[in-house]
Each structure stands twice: as C-alpha cells, then as structure tokens.
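See structure below.
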Amino acid sequence: MTNVLFTASECTPFIKTGGLADVIGSLPQSINKTTNSHVKVMLPLYDEIPDHWQTRMELVATINVPVGWRNQEASIFTLEHNGVDYFFISNDYYFTRKGVYGYYDDGERFVFFSRAVIEALPYLNFTPDVIHAHDWQTGLVCAFAKILQPLENLKTVFTIHNIRYQGVMPHTMFGEMFNLSMDHFGGMEWNGMLNCMKSGIFHADKVTTVSPSYAEEIKDPYYGEGLHSLLQERSEDLTGIINGIDTNDYHPLKDPYIVSNYRHSRGKKKENKEYLQEVFGLPVDGEKPLYVIISRLVEQKGFHLVQHILDEFLQEDVQVAVLGTGEGEFEGFFYHAQERHPERLAVRLTFDEKLARQMYAAADFFIMPSQFEPCGLTQLIALQYKAVPIVRETGGLKDTVQSFNEITGEGNGFSFTNYNAHELLEALKYSLSVYHNPIQWIQLLKNVNKSQFSWKESATQYIHLYAEFETANIYSQGVIDVATLDNR
Ligand code: ADP
C-alpha cells in the first residue's frame, strides 16, 4: 500500500475558488475507497475557512519553519472528513487575511507553505511514500523534497491544473527565503525569475496534467505558456489523467440546493428552469431554451468570442443566464449587455455555489468556448445535470464532449474547432435547431444521460502511477532479482 500526501492551496468543502478545490476535495476520497493507496491532504489554514470547520480541528504540533534569516512559527491542525484526514498549516502573518489569493506577496506565502509541508512531515504520525503536489502554489514542495530529502525514498508527483498561472517572483527571493545553496537556483529559475510551476515540473519524479489532450498541447508553444521546452524534455514522465467529479455530491436527485430533484425527468428540469427564470427576473416560460454560463470571467474561458456574437445570438428566441466574477472587461461587458437585452440576458457578478447548482439544474445548454482548458469541470457538472455543453475542442473539453451528429445520432454536446467567434455562433445556432427538432433532441439527451464522469477510472490511473514507484523501489533495493523475474 502506498501512503500519499496531497498538498494544494484549496479544497472543498473548506475553501474554493475554482475547479482545483473540487478535485482535491473528491479525488482522495475516491482513492481511499480502494485498498492500494491511502491519501491524506495538507492545506493552508486560511482565516476564510468557515468557523464550523475550524472549531473541529485539533492541534497536532507547533513547529518552526525556516524562511531566510527568520523562523516563522506554523501550527499543524487536523480533522477527519468523509474518510480522509486533512492537515492544515496555520500562520497568522501569511494566512490570516481576507480571501485566498491576490496579495502582492502570494509567491512568498506559498514559499512558506511549501517549506512548512516538508518541515511538518515528522509530526504527522503518517509517513508518506509519495507527496502529490498540485499547481504552482505547491510546486516548491517537489523542489524541497528532492533537495532536502526529508524521508528515505520519498517520491513526488506534480499535477499541472493550469499552466497559465506559474507563481513567478523576483530571483532575489531565492537568497532571501530559501536557505539553500546557489547550486539549486537553476532548477527553480526561468527567464531570470523564480518560477514555482517550473520548479515543480523540473523536480517532480512524475508530472501529470488533467487531460490527455492538454498533456499533448502544453508541449506546444501556443499552449505551453513558455514552459513547452521543459515539458518536451520531461515528456517521458508526463501523463494526462482526466478529472472526474464527485457524482454523489453533484447529483440532481440528491442536491439539496435545487428546487425540484430529478434523475432524467425533463418535466422536473423545467420546474428548475421556471424557478431560475423567476430568480433572475427573466420571463417565466419552461419551453424557452435556456443557455447558462458559470465561470471565472477571464480570457481563458473564451469570453472574447462571446463578446463578439452575444448581441447577434440574442436576436434568437432564447434566454442566457450568466454567473461569474473576474476581469473588469468581461464583468462590464455582461453588465451592459444585460441592460440592452433585459428580456433575454440575466447576469450575476458574484461567486455563489447554491445559485451555480440551481443554474446547472435549470439549464438546457452550457456555454464554454475556452481558448484553452486543462480539463474543465463545469462541462462535466453540466452533463451530470443534463445540460448540453457547447464547447471549443481543446484540452479536456475535447476529451469529454463529442459533437452531436444528426446522421449517426452520436455525440453528447456541440463543439467547434477554431478559436473563432463565428464558429461559436454557428455551434449555438445549430444547438438551437436541434432543441426544436424533437427526434434529434431526444437522441441527444439520451447520449447526455449516458455520459458519466465519476472518479473511478481516473483514481485507478493515479494508483497505478504511485505503484510504479513501489516497483522501481523494489528493483533498486534488490528485493527482487530482476534476472529471475521471467521465472516468477
Ligand atoms: P476553473 O478553471 O475555474 O478551475 P473548472 O471548470 O475546472 O474551472 O471549475 C470551476 C468550478 O468553480 C466549478 O465547480 C464551477 O461550478 C465553480 N464556479 C465557477 N464560477 C463560479 C461562480 N461564480 N459561483 C459559483 N461557482 C463557480
């Protein structure tokens, strides 16, 4: 059995800003249901984590973490939830703040956290064989693990959830914070800056990303965000494992937030639609096709395309509901578009988990024309709530959504190839024509009903990945004589 310590910057149900939290909140549970690996999770203890969780936490130890010429105190807390043990690293200076990210010293905060993860290892009553670090915030955990070797035979896996965000800092931080010899600078530096994402990719024993297509794409300059050459070098150790969702939590039959629970019933789904139309102040009509967007409002998600065609699409007899927060350009765009089309477009510029679930339940269609998409969870949640995704064929969207083909009757959504507004508009118009064609629509919904994205298969792939280390260790320790293997 492999002991695995996950480490990341967010995790449901404690703290969430995006899909990373969903993954860290659900994958360990799925892995722990098998007997082959056991996962525990380590996170920062943000002030923002609700009190009802914080009061359940127990103190494990208080330790000193070296940060340059100073020591920072860190307390390790723990709690158990749904069969998973969670550890939290607290530090008043770095984590007692409002929100999660967006501070001028975010880099320094996660240098501290990454070092704290390593320093905490002797106090956990749990000896990991593998540390599995996620995204730039914990890339340095892989670097510290390789350089400081806190445990014998400790291996690391680094998962890239989004290569656009790399955790870049001035190179002077290395001398100020790392307490390491300059020999190690090269493995952390990229284009004259310290780069946490690069450090993770460079130092980890294995690198994964969250879909097979994205694993290929990021080796290309268009998608690699400057790190493509390093990824090409590491391509033997790089794999893409598609994300799943917690199908027990995201389940329209059990979801406590939605007004009318359902499995496949379109009648019940219509009740959710009519409720949402009321909430959003749109004309209430269960027959009207409802398109939704639930997203960070950032360039990555394809909003430049939406900007170009939304007015034209809203000439059709449709409704569009948008939930999101993000860049001012897109928030402003949706805000003003809503004023132009009050009967057809409704926008909420906020982060609201309950409303998000009510929107998935109400929607006929889910729009996601991403410029790039490592995996994407929202299209998977949409499918789970029987909303038909309309996506661009990139990364995980390409791996999870197949365009409907009216001749063969195959496909669980609509897709287009090029990052081009007219292609998006065409896909939207085609989706509308299928909606109004009862035979095609029923066939499409049948395909949607069959689309399942639980963690089961992907969890097994991670377990196999961890097991590769065990096999390698056995060989290297001479426990198995390789020469006799054929006779076994
Ligand atoms: P990201 O790139 O943001 O991680 P994903 O598709 O992987 O995108 O996951 C986004 C997650 O965040 C989903 O669970 C989605 O429902 C949720 N989400 C995004 N924006 C909002 C919002 N404004 N309010 C509530 N939930 C949101």
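Order of appearance sets the numbers: ligands from 1, and atoms from 1 within every ligand. What you see is a predicted model, and the numbers here were worked out from it, not measured in a lab.
- Atoms of ligand 1 found under 4.0 Å from any heavy atom of Tyr250, numbered from 1 in the order shown, are 14 (O).
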For this session: Dump the intermediate steps for side-chain contact (heavy atoms from CB on, under 4.5 Å) on Phe95 and Leu45, then the final yes or no.
Result: CA-CA 7 Å; Phe95 298 124; Leu45 179 47; 5.8 Å; no
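- For the pair Glu373 and ligand 1, the shortest N or O to N or O distance does not fall below 3.5 Å.
- Proximity to Ile381 (heavy-atom distance under 4.0 Å) selects the following atoms of ligand 1: 14 (O).
- When heavy-atom distances to ligand 1 are checked against a 4.0 Å cut-off, Lys301 comes that close only through its side chain, counted from C-beta outward.
- Checking side-chain atoms of Ser235 against main-chain N and O of Gln232 turns up a donor-acceptor pair under 3.5 Å.
- Residue Gly324 approaches ligand 1 through these ligand atoms, each under 4.0 Å from one of its heavy atoms: 23 (N).
- In this structure, the side chains of Val210 and Val23 stay at 4.5 Å or more apart for every pair of heavy atoms.
- Of the protein's non-hydrogen atoms, the one nearest atom 24 (N) of ligand 1 is Asp352 N, 3.0 Å.
- Of all protein heavy atoms, the one lying nearest to atom 3 (O) of ligand 1 is Arg296 NE, 2.7 Å.
- Between Lys16 and the choices Glu48, Glu353, Glu10, the salt bridge (charged side-chain N to carboxylate O under 4.0 Å, His left out) rule is met once, by Glu353.
- In this structure a side-chain-to-backbone donor-acceptor pair under 3.5 Å is missing from Asn243 to Gly376.
- Two rings, from Phe333 and Phe303, have their centers 6.0 Å or more apart.
- Close approach of ligand 1 to Asp22 (heavy-atom distance below 4.0 Å) involves ligand atoms 11 (C), 13 (C), 14 (O).
- Atom numbering of ligand 1 starts at 1 in the shown order; those under 4.0 Å from a heavy atom of Ser295 are 20 (N).
- Between Tyr385 and Phe366, the ring centre distance reaches or exceeds 6.0 Å.
- Of the possible donor and acceptor atoms, one in the side chain of Glu423 sits under 3.5 Å from a partner among the backbone N and O of Thr417.
- Considering backbone and side-chain N/O of Gly19, one or more are found under 3.5 Å from N/O of ligand 1.
- Of all atoms in ligand 1, numbered sequentially from 1 with element shown, those under 4.0 Å from a heavy atom of Ala356 are 25 (C), 26 (N).
- Of the possible polar contacts, none joining the Lys219 side chain to the Glu233 backbone as a donor-acceptor pair under 3.5 Å is found.
- Nearest protein neighbour of atom 5 (P) of ligand 1, counting heavy atoms only, is Leu377 N, 3.6 Å.
- Close approach of ligand 1 to Thr350 is summarised as follows: ligand atoms under 4.0 Å from at least one heavy atom of the residue are 22 (C), 23 (N).
- In terms of protein heavy atoms, atom 27 (C) of ligand 1 is closest to Phe351 CE1, 3.5 Å.
- Close approach to Tyr360 involves these atoms of ligand 1, each under 4.0 Å from a residue heavy atom: 15 (C), 16 (O).
- Looking only at protein heavy atoms, the nearest one to atom 12 (O) of ligand 1 is Lys16 CE, 3.7 Å.
- Aromatic ring centres of Phe112 and Tyr94: separated by under 6.0 Å.
- Annotation: Trp136 is not in aromatic contact with Phe113 [ring centroid separation under 6.0 Å not met].
- For ligand 1, the polar-atom distance check against Gln300 finds no nitrogen or oxygen pair separated by under 3.5 Å.
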